[in-house]
Amino acid sequence: TLAHDMNRKIFFISEKASELMGVNPADVIGKDCHDVFSPRLCGESCSFCHPDLDPEFENKSYSIVYHTPKGERKDLGGTIIPLQNINGGLHGVVLSIEDNTRLISMEQELGKKNSFRGIVGTDHQMKQIFQQIKDVALYDYPVHIHGETGVGKELIARAIHNESTRRTGPFVPINCGALPEGLVESELFGHTKGSFSGAIRDKKGRIEMAKGGTVFLDEVADLSKTIQVKLLRFLQEGTLEKVGSERETKVDVRVISATNKEIKQEVKSGEFRDDLFYRLCVIPLDIPPLRKRKNDITLLCEFFLDKIHEMYKDRTY
């Protein structure tokens with residue numbers, strides 16, 4: 001159990017909760033909940049992020065992915081209970097926490113859970129992918145996802161982001177193959193006012209928009225050699241230069257890339273820089289196509305039928 005006041009200042013944490021969270025009570029009492037736990041425990045469900053809005057506590061139960069200070073991953077369940085003072089006014093909240101790590105792991109192993117972060121599958125290959133997602137989410141190293149068109153590479157990237165400590169930051173997907181050739185550099189890195197015809201104002205690039213979160217470079221092998229050089233510099237230095245600017249901008253993002261091409265072959269043929277390949281492919285993930293995990297076909301059919309039913313159940317003809 002953990003409790004904080006209306007200013008998010010923690011005034012109580014139980015012995016069990018401090019043990020579970022891997023924190024010392026003396027180090028958290030009196031501090032802002034958001035400063036102690038980063039990313040915040042409540043994620044998108046926080047009732048105290050918008051001072052102009054009254055807190056809402058109805059049905060405030062949610063799942064929490066938590067990483068202890070030692071890097072241990074835990075699946076927690078949290079329930080918010082409002083604390084009222086003697087006059088019926090709101091004094092603060094109590095967060096009741098339970099450890100569901102072992103239960104969720106067992107359910108996944110036994111096939112009782114048929115999805116993970118919106119990715120449907122119980123095939124042993126998908127269970128391995130789910131575990132890899134949990135493992136790589138702990139670190140900020142670049143991840144490269146390889147798989148055929150339609151295997152769900154963006155779903156995988158989004159799952160890594162949502163499992164990581166960056167999950168309260170933005171997730172910005174970019175389809176590199178769909179960007180207009182003349183605007184690729186501006187779209188990725190941004191531009192300054194007057195840098196080219198039509199640049200009527202300063203504009204952030206998509207990489208900068210992902211600051212504090214994750215940028216997903218889909219079909220990264222389609223980037224031109226010129227843009228590959230600029231992307232390599234960004235990965236090496238953590239800074240980017242906007243079109244028309246002489247200043248470098250530091251941007252803290254995690255980079256996840258993906259392609260349906262055999263990128264090693266692209267490197268051998270000279271179409272893709274080998275130094276950029278090694279920067280992007282620090283952690284490789286191979287996603288199997290559905291024909292190689294036929295056990296999931298029935299499951300996916302049921303999933304999509306249920307989805308279609310939900311979409312059309314209230315319609316009359």
Side-chain angles (χ1 to χ4, degrees), residues 20 22 39 43-44 61-68 70-78 97-167 171 173 214 216-218 254-264 280-308 310:
L20 179 63
E44 299 298 317
S61 293
Y62 45 85
S63 300
I64 303 166
V65 175
Y66 177 72
H67 297 100
T68 69
K70 293 183 178 180
E72 185 182 358
R73 181 191 184 282
K74 292 180 182 288
D75 287 294
L76 309 178
I97 307 166
E98 58 180 341
D99 188 358
N100 297 326
T101 308
R102 189 174 179 186
L103 174 63
I104 290 175
S105 178
M106 288 174 64
E107 286 179 341
Q108 200 83 59
E109 191 65 33
L110 294 171
K112 290 183 178 180
K113 283 183 72 69
N114 56 21
S115 67
F116 172 76
R117 289 288 179 185
I119 308 165
V120 177
T122 57
D123 186 273
H124 74 280
Q125 293 179 88
M126 292 310 295
K127 289 179 183 178
Q128 289 176 353
I129 295 294
F130 297 159
Q131 187 57 53
Q132 286 178 300
I133 289 170
K134 294 177 185 177
D135 292 340
V136 304
L138 289 170
Y139 311 101
D140 260 354
Y141 301 121
V143 175
H144 181 72
I145 305 167
H146 174 259
E148 297 177 11
T149 300
V151 296
K153 296 186 286 293
E154 185 172 333
L155 277 175
I156 300 290
R158 197 177 290 273
I160 293 170
H161 170 75
N162 289 332
E163 282 285 308
S164 75
T165 55
R166 292 180 177 269
R167 60 184 173 272
F171 175 84
T214 303
F216 174 53
L217 302 173
D218 197 9
R254 181 182 192 163
V255 176
I256 301 177
S257 60
T259 182
N260 60 4
K261 297 180 179 180
E262 291 293 342
I263 198 163
K264 288 184 179 179
L280 289 172
C281 201
V282 177
I283 303 175
L285 282 183
D286 247 318
I287 313 303
L290 188 56
R291 66 177 179 275
K292 291 187 178 179
R293 49 185 182 96
K294 294 180 181 178
N295 294 338
D296 286 339
I297 292 177
T298 303
L299 190 65
L300 283 162
C301 287
E302 292 174 353
F303 171 78
F304 286 115
L305 283 171
D306 287 343
K307 204 167 187 178
I308 292 168
E310 283 298 313

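Note that the numbering runs from 1 along the sequence shown for the chain.
In this structure, the side chains of Val65 and Asp75 come closer than 4.5 Å at one or more pairs of heavy atoms. Residues Ile160 and Leu285 are in side-chain contact: their nearest non-hydrogen atoms beyond the backbone lie under 4.5 Å apart. Residues Ile133 and Arg117 form no side-chain contact, since every pair of their non-hydrogen atoms from C-beta on lies 4.5 Å or further apart.
Applying the side chain to side chain donor-acceptor pair (under 3.5 Å) criterion to Gln128, with sequence neighbours excluded, gives no partner residue. A search for side-chain contact (heavy atoms from CB on, under 4.5 Å) contacts involving Leu290 returns Arg293, Asp296, Ile297, Leu300, not counting sequence neighbours. Residues satisfying the salt bridge (charged side-chain N to carboxylate O under 4.0 Å, His left out) criterion with Glu154, sequence neighbours excluded, are Arg158. Applying the side chain to side chain donor-acceptor pair (under 3.5 Å) criterion to Gln132, with sequence neighbours excluded, gives no partner residue. Under the side chain to side chain donor-acceptor pair (under 3.5 Å) criterion, Ser164 pairs with no residue at all, not counting sequence neighbours. Under the salt bridge (charged side-chain N to carboxylate O under 4.0 Å, His left out) criterion, Asp218 pairs with no residue at all, not counting sequence neighbours. Every side-chain contact (heavy atoms from CB on, under 4.5 Å) that Lys264 has, sequence neighbours left out, goes to Phe277. Evaluation of the side chain to side chain donor-acceptor pair (under 3.5 Å) rule for Thr149 yields Asn260 as partners, not counting sequence neighbours. Applying the salt bridge (charged side-chain N to carboxylate O under 4.0 Å, His left out) rule to Lys292 yields no partners; only residues at least two apart in sequence or on another chain are considered. In this structure, the side-chain contact (heavy atoms from CB on, under 4.5 Å) partners of Thr68, at least two apart in sequence or on a different chain, are Tyr66, Lys70, Glu72, Lys74. In this view, Asp123 satisfies the salt bridge (charged side-chain N to carboxylate O under 4.0 Å, His left out) rule with no residue, not counting sequence neighbours.
Atoms OG1 and CG, on Thr122 and Leu299 in that order, are 5.0 Å from each other to the nearest 0.5 Å. The distance from the CG atom of Leu20 to the CG atom of Asp99 is 5.0 Å, given to the nearest 0.5 Å. To the nearest 0.5 Å, the span separating CD on Glu163 from CZ on Phe116 amounts to 3.5 Å. Atoms OG1 and CZ, on Thr165 and Arg254 in that order, are 8.5 Å from each other to the nearest 0.5 Å. Atom CD1 of Ile156 and atom CZ of Phe130 lie 7.0 Å apart (nearest 0.5 Å). Interatomic distance, Ile287 CD1 to Ile129 CD1, rounded to the nearest 0.5 Å: 4.0 Å.
Nearest heavy-atom pair across Pro142 and Leu280 is CB-O, 3.6 Å. Nearest approach of Pro284 to Val282, heavy atoms of both residues: CD-O, 3.8 Å.
The aromatic rings of Phe171 and Phe216 sit parallel, their planes meeting at an angle under 30°, below the 60° perpendicular limit.
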Set out, in order, the CA-CA distance, both residues' side-chain angles and the distance that settles side chain to side chain contact (heavy atoms under 4.5 Å, CB included) for Thr298 and Glu302, then state yes or no.
CA-CA 6 Å; Thr298 303; Glu302 292 174 353; 3.9 Å; yes
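Here salt bridge (charged side-chain N to carboxylate O under 4.0 Å, His left out) pairs that include residues 136-148, with residues two or more places apart or in two chains, are Asp140-Arg166, Glu148-Arg291.
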